[in-house]
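Report on the following structure.
Just so it is clear, the values below take in all heavy atoms, side chains as well, and ignore hydrogens, waters and symmetry mates. From a predicted model like this one, the values you see are computed outputs, not experimental measurements.
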Amino acid sequence: MKGIPSWVTYTVLRLLLFAIPLAILLVLRIDWWIAVIAAALIGLCLSYIILRKPRDAVARDLYAVRHRETPATTADDDDEDAAVDAADHPAHPRAGLDETPADPKHPAA
């Protein structure tokens, strides 16, 4: 069974490191806008210090995705490519005849 992706863990921990100080500051009846700014600064500092391993795991995962040998394609990608090709090349026999000709010396008949 596959575990929780590292980016989910990192994101949840970052949100907690913001939400917990914010809740504490709001319970202490500090103005909400000051509490938000202070909680953001506290969360930033704590996440830099505490979340080194999850941050490195996310960085490794991003690097692996960015530098993989073969691109990850799915059946949905193939279906989308077929739909785009069908839109670029319509099946109607007179399609494209209403367009202006590329060569002005040879007008379309």
Side-chain angles (χ1 to χ4, degrees):
M1 185 167 96
K2 197 172 185 179
I4 299 172
S6 59
W7 67 269
V8 173
T9 304
Y10 181 69
T11 302
V12 169
L13 290 173
R14 285 287 309 259
L15 288 172
L16 285 173
L17 287 177
F18 170 74
I20 293 171
L22 179 63
I24 292 170
L25 292 171
L26 290 175
V27 166
L28 294 175
R29 298 194 183 271
I30 295 177
D31 289 334
W32 69 269
W33 61 275
I34 295 174
V36 168
I37 293 171
L41 291 174
I42 292 168
L44 177 71
C45 294
L46 288 176
S47 68
Y48 186 74
I49 295 169
I50 296 172
L51 300 180
R52 183 180 60 92
K53 287 182 182 179
R55 185 175 56 247
D56 289 343
V58 171
R60 279 192 305 273
D61 290 348
L62 288 173
Y63 182 84
V65 168
R66 182 75 173 141
H67 293 92
R68 71 174 69 160
E69 292 290 325
T70 58
T73 59
T74 62
D76 291 339
D77 293 337
D78 296 335
D79 293 340
E80 184 179 341
D81 290 343
V84 169
D85 289 341
D88 287 343
H89 306 290
H92 192 275
R94 292 195 43 89
L97 291 180
D98 295 335
E99 297 176 6
T100 58
D103 187 5
K105 295 179 183 176
H106 296 89

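Criterion: ILVMFWY side-chain heavy atoms under 4.5 Å apart, direct or through other members. Under it, V65 and L62 are not part of a common hydrophobic cluster. By the criterion of side-chain heavy atoms lying less than 4.5 angstrom apart, applied directly or through intervening Ile, Leu, Val, Met, Phe, Trp or Tyr residues, I30 is not grouped with V27; the two fall into different hydrophobic clusters. When hydrophobic clusters are built by joining Ile, Leu, Val, Met, Phe, Trp and Tyr residues whose side-chain heavy atoms come closer than 4.5 Å, directly or via intermediates, L44 is not grouped with I24. Hydrophobic clustering (ILVMFWY, side-chain heavy atoms < 4.5 Å, transitive): V8 and L51 are in one cluster. Taking hydrophobic clusters as Ile, Leu, Val, Met, Phe, Trp and Tyr residues chained together by side-chain heavy-atom distances below 4.5 Å, L15 does not share a cluster with I20.
Screening residues 36-52 for side-chain hydrogen bond (donor to acceptor under 3.5 Å, both in side chains) gives R14-S47 as the qualifying pairs, with residues at least two apart or on separate chains. Legend: ring pair (Phe, Tyr, Trp, His ring centres under 6.0 Å) pairs involving residues 7-41, not counting sequence neighbours: none detected. Residue pairs meeting the side-chain hydrogen bond (donor to acceptor under 3.5 Å, both in side chains) criterion with at least one partner in residues 55-64, sequence neighbours excluded, are S6-D61. For residues 42-51, there are no salt bridge (Lys or Arg N to Asp or Glu O under 4.0 Å) pairs, not counting sequence neighbours. The list of side-chain hydrogen bond (donor to acceptor under 3.5 Å, both in side chains) pairs with a residue in residues 17-29, not counting sequence neighbours, is empty.
For I49, the side chain to side chain contact (heavy atoms under 4.5 Å, CB included) criterion is met by no residue, not counting sequence neighbours.
Rounded to the nearest 0.5 Å, atoms CG (L17) and CG (L22) are 12.5 Å apart. Distance check: L46 CG to L13 CG gives 12.0 Å after rounding to the nearest 0.5 Å. To the nearest 0.5 Å, atom CG of residue L25 and atom CG of residue D31 are 11.0 Å apart.
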